[in-house]
Amino acid sequence: MQIWQKDITYLKKVGPQRSKALASEAGIRVYRDLLYYYPRKYVDRSQVSRVRDLVEDHYATLVGKITQVTVTKNKQGRGRLLASFSDGTGIIELNWFSGVSWLEKYIRKGEEIALFGKATRFNHRLQMSHPEIDYLHEEGRAQNTLQIVPFYPSTDKLSRVGLDSKGFRNVVFQLLEEVGELIEENLPPEVIRSERLISHKEALYNIHFPSSFAALQAARRRLKFEEFFFFQLLLAQKRGTQRARNRANPFPEIGHYFNTYFDKHIPFELTDAQKRVLKEIRRDLWLPVQMNRLIQGDVGSGKTMVAFMCMLMAKDNGFQSCLMAPTEILAEQHYKKMKQYADPLGLKVAMIVGGQRKKVRTAMLEMAASGEADITVGTHALIEDTVKFARLGLSVVDEQHKFGVEQRARLWQKAQPYPHNMVMTATPIPRTLAMTLYGDIDVSVIDELPPGRVPIKTAWRGESKRLEVFGFIRRELEKGKQAYVVYPLVEESEKLDYLAAIQGKEIMEKYFKNYRVGLVHGRMKAEDKEVEMQMFVQNKSHILVSTTVIEVGVDVPNATIMVIENAEKFGLSQLHQLRGRVGRNADQSYCILMSGKKVSKEGKARLQAMVESTDGFKIAEIDLKLRGPGDFLGTRQSGLPEFQLANIAEDQDILQAARDAAFQIYESDALFQKPEHRRMSLFFESYLKAYGRFTNMA
Ligand code: ADP
Ligand code: MG
């Protein structure tokens, strides 16, 4: 192991000057860093051609000897080196215009060489300029020709010290010559066997100098697996220690409240998905270990009812629950819902939000602290120190991505032991990403909408179709329906947003004379926004023009049309969220994506995805592929290590296999004491030093 920590300066062919450039340009400081510095592409130079068969303007690999060398100088004193090369089938001139004084020593007659270059015509004869050369008896093995040749990422600064792709080949080759034999296996034999992986050593040799493309493929798979595996092992370990540490009150009873509600009061039949998720939660709550579960479900999939029924489980075991939402509008909506559900059972609901009058706040705080409130709904005001609970047993967080880890953790600290923890999100995260990111949290998916919902019809229309679109909207308005018209946020300019929305309102007013058009935008005061929203909710306004402020929280079932202007400017998940504002009852709803003429390729792919699917998970998958994991998650949660080869969007099968393997090993041997896990454990220790900080959910 020690050898891999050796300073790269001491590798033959590196030295102080190159090592400085390696450190500053590529972060390569020790042997190990160079070993894991992978090529960015490969070119097949393994096919040997004959001089006789050379074709003009084609690249070729040749094997033969230099038969003659001539050095000339032109009038400016610039040197030129000409050499004749023969392979027995013909002779070709080789030509160098620079580096001649060095080449004079390097180019030697009579020794067997391989070369690679492009045949060009000069004075009616084929020749090659600046071919790459390997002396076959000297270097041990060809590096630049005669095989699949690796190309390394380099920079100007690196090239200046001779570390262009060719230079890298040389030092990596040197590294493998010197210490390659010492590369040890780091995965347990059982995993290698069941996954049919090649060895660690073979993989590293082949990622640098592949013996064939099939070998390269096998090397890539093995190394991707390894990247995922150790990260998953980290998550498995984290989950294990967390579960051991975070004790919680078990909820063994399913009693009076849950059963009465389920038998007598529930307003609809639960979907199979809701039932399944409730069972999953039930299994968690049974144990004296803190539940840490993410509930993913598309907009309208019925997460609130699931949360409420969990709160009944808490009540049946003598505990209070709280529900935290990201905005006041949303908190109030939840509060009303919870009261409506809880009323027939005689349960008490409190609400704690920022804009409350002091008297109301005091009363609400008292309800929570005395234990009178069975359910307390609120915004992040809930985490303030003044908020205390008598017996908090369950904390539910809606739209969890809007809160930071610390905020959620502070909520837990209001009870000892910690309350069970449930977070809900309508922004579906693709399974693979959830697995990578939340390996230490359990994930439930409500992948079914309540029955009777008519899938929203989505159309993508250009500017030339605007009148048709307006005609269509008019016919819907005539049926008594309402419409949203949304304008994109102009980055960093609230003023422009506001102008776009104002103009939009004027256009709509001109065209739809008999209807009232409302407007909400980011620059409005909260109260004014509320007034406009209420007008729309009560069907006193018929068209609501807005910037994206309506994204979260409005529920107006009578609105069946969502028009999105400049739809190409929106992200895919945002488009999907906006579309979720309609389709809220049994009537047919429509989403119309308006776009300008100039739409980027990616923009087109997004709009196309919207037209083709209403499934939030499918859309999230596409979004992940289009944007890549970093962007997809945004800055807030980019708590992912950088995988070098593996890609969570494209290598889902490998990720799944690696996760299964890692979790299985952790379960069978959590302390890695079995002899067959020793090498893995050693490697994991150094991995932890590098990546241990990548820990996501609290
Ligand atoms: P979300 O998952 O977006 O939070 P909600 O919990 O707000 O969804 O549910 C959306 C609507 O569907 C609500 O009006 C709710 O009452 C209703 N709903 C939830 N579950 C069912 C069900 N199983 N059958 C019929 N309607 C349901
Ligand atoms: Mg909801």
Is there a side chain to side chain contact (heavy atoms under 4.5 Å, CB included) between Ile281 and Ile295? Walk through the geometry before answering. CA-CA 10 Å; Ile281 295 168; Ile295 313 295; 3.9 Å; yes
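- At a threshold of 4.5 Å between non-hydrogen side-chain atoms, the residues Ile561 and Lys481 do not count as touching.
- Side-chain atoms of Asp284 never come within 3.5 Å of backbone atoms of Met291 as a donor-acceptor pair (strictly under, hydrogens ignored).
- More than 12 heavy atoms of other residues, nucleotides or ligands lie within 6.0 Å of NZ in Lys414, so this atom counts as buried by the packing criterion.
- Between His420 and Phe319, the gap from one ring centroid to the other reaches at least 6.0 Å.
- Within 6.0 Å of atom CD in Gln413, more than 12 heavy atoms from other residues, nucleotides or ligands are found, so the atom counts as buried in its surroundings.
- The two residues Pro326 and Leu330 have their closest heavy-atom pair at CD-CD2, 3.7 Å.
- Between Ile456 and Thr614 the shortest heavy-atom distance is O-CG2, 3.7 Å.
- A donor-acceptor pair under 3.5 Å links the side-chain atoms of Gln588 to the main chain of Pro455, judged by distance alone.
- Counting only distance, with no hydrogens or angles, the side chain of Gln320 and the backbone of Arg391 share a donor-acceptor pair below 3.5 Å.
- Distance check: Met313 CE to Phe251 CZ gives 9.5 Å after rounding to the nearest 0.5 Å.
- For the pair Val277/Glu280, a side-chain contact is recorded, criterion being any heavy-atom separation below 4.5 Å from C-beta on.
- For the pair Asp442 (side chain) and Arg293 (backbone), a donor-acceptor distance under 3.5 Å is absent.
- Note that the CD1 atom of Ile473 and the CD1 atom of Ile592 stand 5.5 Å from one another [nearest 0.5 Å].
- Rounded to the nearest 0.5 Å, atoms CD1 (Ile543) and OH (Tyr484) are 13.0 Å apart.
- Each of Leu382, Val377, Thr379, Val360 was evaluated against Val353; a single residue qualifies, Thr379, per the side-chain contact (heavy atoms from CB on, under 4.5 Å) test.
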Please walk me through it: do Val485 and Glu565 pass side chain to side chain contact (heavy atoms under 4.5 Å, CB included)? CA-CA 7 Å; Val485 181; Glu565 296 286 349; 4.0 Å; yes
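- Ring-plane geometry between Tyr515 and His542 is classed as perpendicular, the angle between the planes exceeding 60 degrees on a 0 to 90 degree scale with a lower cut at 30.
- Contact record, Ala381 with Arg361: CB-NH2, 4.0 Å, taken as the closest heavy-atom pair.
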Verify salt bridge (Lys or Arg N to Asp or Glu O under 4.0 Å) between Arg276 and Glu448, making sure each step is shown before the conclusion. CA-CA 11 Å; Arg276 191 189 63 236; Glu448 183 186 355; over 6 Å; no
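- Phe262 CZ: 12 or fewer foreign heavy atoms inside a 6.0 Å radius.
- The aromatic rings of Phe228 and Phe643 stand perpendicular to each other, their planes meeting at an angle above 60°, with 30° marking the opposite boundary.
- For the pair Lys388 and Leu365, the minimum side-chain heavy-atom distance is 4.5 Å or more.
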Could you go through Met338 and Thr304, starting from their C-alpha distance and side-chain angles, then the distance that decides it, and tell me whether this counts as side chain to side chain contact (heavy atoms under 4.5 Å, CB included)? CA-CA 9 Å; Met338 290 293 143; Thr304 317; 3.6 Å; yes
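- Judged by distance alone, with hydrogens and angles left aside, the side-chain atoms of Asp316 form no donor-acceptor pair with the main-chain N or O of Ile254 at under 3.5 Å.
- For Thr241 (side chain) and Lys238 (main-chain N/O), a donor-acceptor pair under 3.5 Å exists by modelled atom type.
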Just do the side chain to side chain contact (heavy atoms under 4.5 Å, CB included) check on Met324 and Ile383 with the steps written out, would you? CA-CA 9 Å; Met324 183 161 75; Ile383 62 181; 4.1 Å; yes
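- For Lys505 (side chain) and Leu519 (main-chain N/O), no donor-acceptor pair under 3.5 Å exists by modelled atom type.
- Counting only residues at least two apart or on different chains, the side-chain hydrogen bond (donor to acceptor under 3.5 Å, both in side chains) pairs with a member in residues 262-272 are Glu269-Lys275, Thr271-Gln274.
- If you take OH on Tyr487 and OG1 on Thr547, they are separated by 11.5 Å, rounding to the nearest 0.5 Å.
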Check the pair Lys479 / Glu476 against salt bridge (Lys or Arg N to Asp or Glu O under 4.0 Å), numbers first and verdict last. CA-CA 5 Å; Lys479 288 185 213 158; Glu476 286 295 302; 2.7 Å; yes
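- Of all the heavy atoms in Leu477 and Ala483, the pair that sits closest is CD2-N, 4.4 Å.
- Summarising the geometry of Val520 relative to Glu532, their closest heavy-atom pair is CG1-CB, 3.6 Å, with the distance given to 0.1 Å.
- The residue from Ile619, Asp623, Ile564 that alone fulfils the side-chain contact (heavy atoms from CB on, under 4.5 Å) condition with Leu575 is Ile564.
- Put simply, the side chain of Gln574 does not reach to within 4.5 Å of the side chain of Gln577, judged on heavy atoms.
- When side chains are defined from C-beta on, Val443 counts as touching Gln296, because their heavy atoms get closer than 4.5 Å.
- Interatomic distance, Leu312 CG to His256 NE2, rounded to the nearest 0.5 Å: 10.0 Å.
- Put simply, the side chain of Cys322 reaches to within 4.5 Å of the side chain of Phe389, judged on heavy atoms.
- When atom types are taken as modelled, the side chain of Ser613 and the backbone of Ala609 share no donor-acceptor pair closer than 3.5 angstrom.
- Side-chain contact annotation: Asn558 with Gln482, donor-acceptor N/O pair under 3.5 Å present.
- With contacts defined as side-chain heavy-atom distances shorter than 4.5 Å, the pair Gln664/Glu667 does not qualify.
- A heavy-atom distance below 4.5 Å is found between the side chains of Leu449 and Ser301.
- The CZ atom of Phe570 lies 11.0 Å from the CG atom of Leu607; values are rounded to the nearest 0.5 Å.
- When atom types are taken as modelled, the side chain of Asn421 and the backbone of Asn292 share no donor-acceptor pair closer than 3.5 angstrom.
- The two residues Leu593 and Ala567 make their nearest non-hydrogen contact at CB-CB, 3.8 Å.
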